[in-house]
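Before we start, here is the structure in question, set down as structure tokens.
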Amino acid sequence: MATKAKKKVRKKKNSLLMIAVSFAIFLILSVIGGYFALLYAGDRMIAENEQKLKDLKAEPTVIYDKNGNEMTSLIRQKNREYKPINEMPKMLINSFLAVEDKRFFEHKGVDMIRIGGAILNDIRKGSLAEGGSTITQQLARNVFLTLDQTFWRKTKEMSIAIGLERRYSKDQILEMYLNRVYLGEGEFGVEDASIYYFGHSVSDEKFTLAEAAMLAAIPKAPTTYSPFNNPDKAKLRRDTVIRLMYEQGIITEAQKNEAQAEALPTEPTEVTGASLKKGYRAFFDNMVDEAEARYGVTEEELYRGGWEVYTTFDPKIQDAMVDQYANAKNFPKDGEKRGVESAMIVVDAKNGGIAGMVGGRNYAAKGFNYATDMQRQPGSSFKPLAVYAPAIDSDSRWESNSSLSNKKQSFNGYEPRNYNNKYSDSVSMNRALIDSLNVPAVWLLNEIRVSTGIDYLKKFGIELAPEDRNLAIALGGLSKGTSPLKMAQAYTAFVNGGVMSEAHSISKITNKSVGVERVYEVKQTEVLKPQSAWEVHSMLERAVQEGTGKAARISGRHVAGKTGTTQSIAGGSDVNKDAWFVGYTPEYVGAVWMGFDPEDKQHLMRQGSSLTAQMFSKVLAEGLKGVKSTDFVRPGGVQEEQKQEETQPPLQLAADMTLDNGKLKAVLSWIGGSPEYTYDVYRVLPNGERQLIASGMKDTVFVDVLDTTTPYKYVVVPRNANGEEEAPSNVAEISTTQLDNLLNAGEDAGNYEGDNSVPTEEGNGNPEEQQPTDNGNGENGGQGENPSNGQGQGNSGNPGNPSNPVDPALPPPDIANPGAGQQNPPSQGIELPPPPADQDSQNPGGNGTNG
């Protein structure tokens, strides 16, 4: 029995051994077979595409606008310069070997040591990085492969690299690589890149070690390490290459120190790459970034050619932006060393396609884009997103005619103020938004709870910092801020029945040679109920028709929108840090921002959102020429509710004195009238007699040029559509103190040149918020106590109102300077309340009036 058992065990062991041997033989054969399969596959791909190694020309990548017309092509018209390796300096070759493939002459196309390290790194990061590629593999990828970062692509890359090593010498591979490597700014190959960056050939005696290292530094991330795009990062990367050359014994320490001390090039010696019309670069750069981020097509692949990119670009809108941004009169006065910065973006109202953008008044290629990258406080333009839309959508108690508290009050130590320092028991939501009152907005956010506003802002695509969990967000008081892109995207919800459309610049991208076609899938998010969106839209339309957004009106077109300003922390209360307008027509949504960056005592903006609203109006009016005017479309199923007619607020007048080129001028502005009214303007003489100085005016600002120092009083009388007189305004009087200050200041009081435009907005030069709004009890209000600016502009042929450093009649902006009666003044120019105990409602009592 024991012998039989032993035989069974021996037989079992023999069987297992046979299986193990067979499996080992199978593995060996599989590896050998796999290796030869790789060789065969690589040789076949090389044979089928060998001409690509010899031909440096390529079909251009063509960029199309929304109409299918060519916007630009990404390839240079001249032939690229092919440089034989025997004409390249040794230091150039060594610089690439030092950083890209120091074992180049030791491996057979694939560096298994480097590949192993890359695999471990990929496992650790949970991704498929491009690390571990040899120069031969990079050549294989650049010539034969595109797009997908997958295991099979890596396998193909390795097989082609092995095939290249079997077919070509090391010097031939190096030569092909150095003539094809992408070196940023649309440059391929070391010769063309050297001419572009340094102004001379690599074989020129002026070509330095530092320049060689700079070229070798770029391939890892061509956009990031371009010396023109990111000089600091480029220098750090270049110096790293130089250090590696020293550590590998290629150069001496003296050579290292000398090369690292050499300055970077500062500007290109010739224009290459994409041939773009003036002002198109910001959109183009954004499109290139989107191609990689959304579709995996890198800038290098676009420049290599063969792609067709269909964009959402509207050249008429962009050209209108370029024209208006070229006119200095559209902007506030320059500071001592630089002008006010500005950005604008316009997106399709229905699908979010970016029609055009200005990334800054002096946008540099691949530079900081103020339209997309900036974060600044949005002021009152934030109110519809943070307060009014959330209230209407989340609670049926609230609608546009709801009564809101307008009492001066404290919210757990936070005391917001109205621009005119006038308050009342209540005001309608409609009137609060139209006239951009601050207290009602803060009170309403307190009622619906801060968390509700934040939840809706997330839906609108705007993420706030943890420290923004307070009532200041009602007025756009954010710790960091937001961008024109985010604001324009959020406002698409008001045009689309509550559905927000994601902003994007590419609708389709294709490459026929590699069989790629990727179409953008419109991403839309339901943020509000249709009825809520229409309700907010109706208020925003009225804000342009009769409120703070009047300067955004476009003759013959329907416009809605909201202004916004924030106050300077470097200047006095007559200075604005930010000025905004976010608005829309049935076709497009636009966001405009202006402000100094950075602001300081020598760079202060004394105008508000009148100019941002005007910029919107001018751009959209010009860009939509030839497009039939349409009305806003009420969402299906939404009924226009019959609401109690809102009482027309009394006409409220302010009179501000200024001095322009030695001439005294009284700048009159008023709010509260109906869009149908015309206005007669009177001086009130010392004996009480009225003297008519203007009649039949449609605008709400008038400049009275004075020939005497008599401190006149003024009154404005409105007339309805039938020509009948309505209730006159309050009698506004020029302050004698203000007059004395101006006379003492003389010609230094101001030199702003008006452009006959209509001033608007709550910040500086704005008739709507220079005066008290509806106070709920028919009381004629006086002037606000906080100065703003005196750069309002004249209209109807009247001279402009020059800059005035002290204009006590004008209003503060939405977000006021810190310390104005607050218990806890912040550091960002925002009046913030102390953190509430429940980190949500700033008033646990629930009535919003604990002050």
Side-chain angles (χ1 to χ4, degrees), residues 379-457 468-477 535-536 539 543 547-548 562 564 646 649 762 769 772-777 781 784 811-816 820-823 830-836 838-851:
S380 279
S381 64
F382 215 52
K383 290 174 181 175
L385 304 174
V387 183
Y388 295 122
I392 293 172
D393 196 65
S394 65
D395 192 332
S396 60
R397 288 186 303 154
W398 306 111
E399 45 92 10
S400 61
N401 213 38
S402 293
S403 179
L404 310 181
S405 173
N406 192 30
K407 295 178 181 178
K408 187 174 183 179
Q409 57 196 287
S410 171
F411 301 89
N412 195 28
Y414 179 39
E415 299 179 13
R417 57 193 173 117
N418 288 338
Y419 62 87
N420 53 17
N421 204 34
K422 292 293 179 179
Y423 306 91
S424 58
D425 286 340
S426 65
V427 66
S428 72
M429 184 188 299
N430 228 329
R431 184 53 51 187
L433 185 146
I434 291 168
D435 292 336
S436 203
L437 299 177
N438 289 338
V439 169
V442 175
W443 179 87
L444 182 56
L445 180 60
N446 192 65
E447 291 293 304
I448 67 173
R449 300 178 67 87
V450 172
S451 59
T452 301
I454 291 175
D455 288 344
Y456 274 86
L457 287 169
D468 289 329
R469 195 178 183 83
N470 57 64
L471 290 173
I473 65 173
L475 310 182
E535 187 106 355
V536 177
M539 293 193 293
T548 61
K562 186 70 190 75
E646 192 175 349
E762 61 271 40
E769 291 203 7
T773 58
D774 177 19
N775 59 15
N777 56 17
D814 310 315
I815 305 303
Q822 304 303 307
Q823 295 178 7
I830 312 168
E831 297 176 352
L832 296 175
D838 64 353
Q839 288 296 301
D840 189 356
S841 172
Q842 263 58 39
N843 181 10
N847 61 8
T849 57
N850 63 353

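Worth saying up front: this structure is predicted, and the values here are computed from it rather than measured. Side chains are part of it too, since the values below use all heavy atoms of this structure and drop only hydrogens, waters and symmetry mates.
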**Asked** Pick from L475, I454, I473: which one makes a side chain to side chain contact (heavy atoms under 4.5 Å, CB included) with L445?
**Response**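 The single option meeting the side chain to side chain contact (heavy atoms under 4.5 Å, CB included) with L445 is I473.
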
**Request:** Applying side-chain hydrogen bond (donor to acceptor under 3.5 Å, both in side chains), run through S436 and T548 and close with a yes or a no.
**Result:** CA-CA 7 Å; S436 203; T548 61; 5.0 Å; no

**Complete:** So CG of N446 and OG of S405: to nearest 0.5 Å the spacing works out to 10.5 Å

**Complete:** For A474 and A441, the nearest pair of non-hydrogen atoms, with its separation, is CB-O, 3.9 Å

**Asked** What are the two closest non-hydrogen atoms of Y388 and A432, and how far apart are they?
**Response**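 Minimum heavy-atom separation between Y388 and A432: OH-CB, 3.7 Å.
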
**Request:** Find the distance between CZ (F411) and CG (N470) and round it off to the nearest 0.5 Å.
**Result:** 13.0 Å

**Side-chain touch P440/M429, heavy atoms, less than 4.5 angstrom** = no

**T452 and S394 side chains, donor-acceptor separation under 3.5 Å** = no

**Request:** Answer yes or no: is there a donor N or O on one side and an acceptor on the other, between the side chain of K383 and the main chain of L433, under 3.5 Å?
**Result:** no

**Asked** Which atom pair, heavy atoms only, marks the closest approach of A391 to W398?
**Response** O-CD1, 3.6 Å

**Item:** Separation of I434 CD1 from S400 OG (nearest 0.5 Å)
**Value:** 9.0 Å

**Prompt:** Quick one: are P416 and Q409 in side-chain contact, heavy atoms under 4.5 Å?
**Reply:**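 Not in contact.
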
**Message:** Could you check whether D435 and N418, counting side-chain N and O atoms only, form a donor-acceptor pair closer than 3.5 Å?
**Reply:** no

**Prompt:** What's the spacing between S428 OG and L404 CG if we round to 0.5 Å?
**Reply:**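 One gets 7.5 Å once the value is rounded to the nearest 0.5 Å.
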
**Whether N438 side chain and R417 backbone form a donor-acceptor pair below 3.5 Å** =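 Between the backbone of R417 and the side chain of N438 there is a qualifying donor-acceptor contact (under 3.5 Å).
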
**D393 side, atom CG; E535 side, atom CD - distance, nearest 0.5 Å** = 11.0 Å

**Prompt:** Given side chains that start at C-beta, do those of K407 and D425 come closer than 4.5 Å, heavy atoms only?
**Reply:**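 K407 vs D425: side chains touch.
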
**Atom pair CD1 (I392) and CE (M539), whose distance is rounded to the nearest 0.5 Å** = 4.0 Å

